[in-house]
Protein chains: 2
Amino acid sequence: MPADTPPTSKDVAAAAGVSQSTVSMVLSGKWPGRVSARTAQKVRDTAERLGYRPNPAARNLRLGRTRTIMLVVPTITAPFFASVYIGAARVAAEHGFSLVVFTWPLELDMPFDGPQEAIDGMLASSMAEASLSGMRRPVPLVMLDSDPDGGAPTVNFDIEGAMEDLTGHLFSLGHRRIGHLAADIDVWTFQCRAAALEARVPDVVTERAAISITDGFEAAMRLLSRADRPTALICDDDTLAVGAHKAARALGLDVPGDVAITGFDDVVLAEALEITTVRLPAERLGAQAMLGLLDLLNGRTPPRPVLPAELVIRRSTSPSAALTTGSGPVGQPG
Amino acid sequence: MPADTPPTSKDVAAAAGVSQSTVSMVLSGKWPGRVSARTAQKVRDTAERLGYRPNPAARNLRLGRTRTIMLVVPTITAPFFASVYIGAARVAAEHGFSLVVFTWPLELDMPFDGPQEAIDGMLASSMAEASLSGMRRPVPLVMLDSDPDGGAPTVNFDIEGAMEDLTGHLFSLGHRRIGHLAADIDVWTFQCRAAALEARVPDVVTERAAISITDGFEAAMRLLSRADRPTALICDDDTLAVGAHKAARALGLDVPGDVAITGFDDVVLAEALEITTVRLPAERLGAQAMLGLLDLLNGRTPPRPVLPAELVIRRSTSPSAALTTGSGPVGQPG
DNA sequence: CTGAAAGCGCTTACAG
DNA sequence: CTGAAAGCGCTTACAG
């Protein structure tokens, strides 16, 4: 065996004095009943001694599968998607799969023409299923935080229920003029927030912003400069809520005295600024989606879970600072 | 060609009426001078029509390389490492490589026994080179934000220079009693901060904390409860700085009036809370490291760049609120 | 209980 | 200018 090239199963076979097929049988764990225990032990020892690792490319070629799953997310820099990754990667690892991330629309600004690596399945979060074109063939797919009517199995949050809780909370504090600081992205998850909110607050006033602190700031400035200034801002995302928070301060408005502010996600930023938010369990989302994909790969029909989203009440909607002009019941336990 | 299996180069060859080798030549772009332009066009059209994509496993096996790089980071949920990934992935894509992330120590709590996928090279950030054991063979490696004396080429930040700027800034505001809120992780990047700080402030008082808001809060409480309370806290990381900020508020101390606070990284949290920090260009770090790895793969010796780290002065050390007891020059332009 | 052989889908000398 | 053939390192029928 040459020293500068990794050992192959052939090398192990030669060193152990057995055939290549025996090595393969033993190391894949399918040997009992077909190879003697003594031979098996000898093979394992030899493999260990030589530092043998099966060549993944050869195995993939032979088996026609890779035990690799691709996770497609709009961006990995957002903590939300990083958590989705963690959840999915954990479940994948528990089942001997590995997970690669593909960010798209990539900050690189390149078209998604399908994975260049060989994958057995795909998870895609918070995007339109139709945008995943260019696959060389249909790949088992689970969509996360996406339109449940898209064809692929989905894992979603109970946005309806969360919006019910959120508006109920604000109503109980006496809020009646509510503004919606909406994400300026045309995907299902945000359409869903808007629909659920408008169903409960028909006269909601809406401003749109790209998901960044500065854009959130400017859109919130517009909302808070209106003659009929909203007393509460429901933001589609914690980042927007931070921008709104800044805007309120810039206008000399007290939070929550003059204006209440809420977000979505519950990223660390919301915790740091004590912003009331709807906690979306991103890690669970990733884990559930991977479980569903494993179902799919095993020929089973995955469930389409809808994960509960918890309202986390913090200082930015503190009951103690509730509007005194409100007519609803005030101070119900959070 | 069966309908439910992806087309192979054999299928393309048959459909185009040429040999498999001609297909390969044409699609790899090595055909000029060896295949007629007309044949080449025919092959390309046929491949397009059939939706042919080369099988990566077969190509990898044949070529013995994968054009895949693995990035090893302690965690992907920290925005810093997400940015490192973005920078490295961009350069990788520009050179036809793909980048897979491996988080380690994984939240999964599993040992790093080398990548299960086949990789051509590795980037590892903010960890000890020695901890990367278990590789089946030496893999081309570039270390990021790590000990430059570890053997592998490195890409680092100018922590020394940053600490010079930072302490200079605090001195100029009149600060003399300085506390160090240090990350409780024994890796080079934090040892480096401590050494650089102690060289400039020999009587610095240090408390350690795990990198989280709550742990930072508690360690800061200890620092700020001392009889000789520091007038400035240098935190190893923005997250710790946020904890320190909370602690100051909890103790009724004004920031920066009673205590100045600084961080490292310049994540969005620092911007939102207006915390003075040392901006570490994470994306550039990732990009430079990937360029170095490409050098390595091409047999060249990569440079070992040291990236400048910029002091970003914000409200948490605002000159206008500088200590009035200070003896140094106050209010130098930021 | 063990081995010889086929074949996964590529790329690249080699032959013509 | 084009094709037939070898071989990358596996796994799995198949034969004994």
Side-chain angles (χ1 to χ4, degrees), chain A residues 1-2 4-44 46-47 50-67 116-118 120 136-137, chain B residues 1-2 4-44 46-47 50-68 96 116-118 120 136-137:
Chain A
M1 182 194 68
D4 58 346
T5 201
T8 68
S9 62
K10 219 168 161 179
D11 298 320
V12 176
V18 299
S19 76
Q20 198 193 16
S21 25
T22 300
V23 172
S24 179
M25 287 271 88
V26 170
L27 297 182
S28 67
K30 296 178 189 154
W31 62 273
R34 307 206 242 177
V35 176
S36 73
R38 246 193 62 207
T39 306
Q41 193 54 49
K42 189 170 56 182
V43 168
R44 275 194 300 262
T46 310
L50 299 185
Y52 169 70
R53 304 282 299 265
N55 179 314
R59 162 178 275 162
N60 292 344
L61 176 57
R62 173 62 225 234
L63 296 178
R65 54 190 170 69
T66 58
R67 294 189 87 78
Q116 70 162 284
E117 39 246 291
D120 287 347
R136 71 198 274 236
R137 60 165 163 164
Chain B
M1 180 194 67
D4 59 346
T5 203
T8 69
S9 63
K10 218 168 162 179
D11 298 319
V12 176
V18 299
S19 76
Q20 197 193 18
S21 26
T22 300
V23 172
S24 180
M25 287 271 87
V26 170
L27 297 183
S28 68
K30 296 177 189 152
W31 61 273
R34 307 206 242 175
V35 175
S36 72
R38 246 193 62 208
T39 305
Q41 192 55 47
K42 190 171 53 180
V43 168
R44 275 194 300 263
T46 310
L50 299 185
Y52 170 71
R53 304 283 297 265
N55 179 315
R59 163 178 275 161
N60 292 344
L61 176 58
R62 174 61 226 236
L63 295 178
R65 52 189 172 70
T66 59
R67 295 189 87 79
T68 296
Q116 69 162 287
E117 39 247 291
D120 287 349
R136 70 198 274 233
R137 60 166 163 165

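Per chain, numbering begins at 1; letters A, B, ... match sequence-line order. In this text, all values refer to a predicted model and were calculated from it rather than measured experimentally.
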Q: Name the residue closer to the 5' end of DNA chain D, choosing between A:Arg65 and A:Ala57 according to the nucleotide with the nearest heavy atom.
A: A:Ala57

Selected nucleotide, minimal atom distance to [X] side chain, candidates [options]:
| X | options | result |
| --- | --- | --- |
| B:Leu63 | D:dC10, C:dT11, D:dT2 | C:dT11 |
| B:Arg62 | C:dT12, D:dG3, D:dG9 | C:dT12 |
| B:Ser21 | C:dG9, C:dT12, C:dG3 | C:dT12 |
| A:Thr22 | C:dT12, C:dT2, C:dG9 | C:dT2 |
| A:Met25 | C:dT12, D:dT12, D:dC10 | D:dT12 |

Side-chain ([X]) to main-chain ([Y]) donor-acceptor, under 3.5 angstrom:
| X | Y | answer |
| --- | --- | --- |
| A:Thr22 | A:Val18 | no |
| A:Arg44 | A:Val26 | no |
| A:Asp120 | A:Thr66 | yes |
| B:Thr46 | B:Lys42 | yes |

Specify the separation, in whole Å, of atom [atom1] of [X] and atom [atom2] of [N].
| X | N | atom1 | atom2 | result |
| --- | --- | --- | --- | --- |
| A:Arg38 | C:dT2 | CZ | C1' | 14 Å |
| A:Lys10 | C:dG3 | NZ | P | 15 Å |
| B:Lys42 | D:dT2 | NZ | C1' | 11 Å |
| B:Asn60 | C:dT12 | CG | P | 13 Å |
| B:Gln20 | D:dA6 | CD | C1' | 12 Å |
| A:Leu27 | D:dG9 | CG | P | 16 Å |
| B:Asn55 | C:dC8 | CG | P | 11 Å |

So what does [X] touch, heavy atoms closer than 4.0 Å: a base, only the sugar-phosphate, or nothing?
| X | result |
| --- | --- |
| B:Leu61 | base |
| A:Ser9 | sugar-phosphate |
| B:Ser36 | sugar-phosphate |
| B:Ser28 | nothing |

Do any side-chain nitrogens or oxygens of [X] fall under 4.0 Å of OP1 or OP2 in [N]?
| X | N | value |
| --- | --- | --- |
| B:Thr8 | C:dG9 | no |
| A:Ser19 | C:dG3 | yes |
| B:Arg59 | C:dG9 | no |
| A:Lys30 | D:dT12 | yes |

Q: Compute whether any side-chain donor of one residue and acceptor of the other, for A:Thr39 and A:Ser36, lie under 3.5 angstrom apart.
A: yes

**Q.** Canonical and wobble pairing (Watson-Crick, G-U, under 3.5 Å) of DNA chain C, dot-bracket with |
**A.** |||.||||||||.|||

Q) To the nearest 0.5 Å, how far apart are CD in B:Gln20 and CE in B:Met25? A)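 The CD atom of B:Gln20 sits 12.0 Å away from the CE atom of B:Met25.
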
**Q.** B:Asn60 side, atom CG; B:Arg67 side, atom CZ - distance, nearest 0.5 Å
**A.**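 CZ of B:Arg67 is found 10.5 Å from CG of B:Asn60.
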
Q: Dump the intermediate steps for side chain to side chain donor-acceptor pair (under 3.5 Å) on A:Gln41 and A:Arg38, then the final yes or no.
A: CA-CA 5 Å; A:Gln41 193 54 49; A:Arg38 246 193 62 207; over 6 Å; no

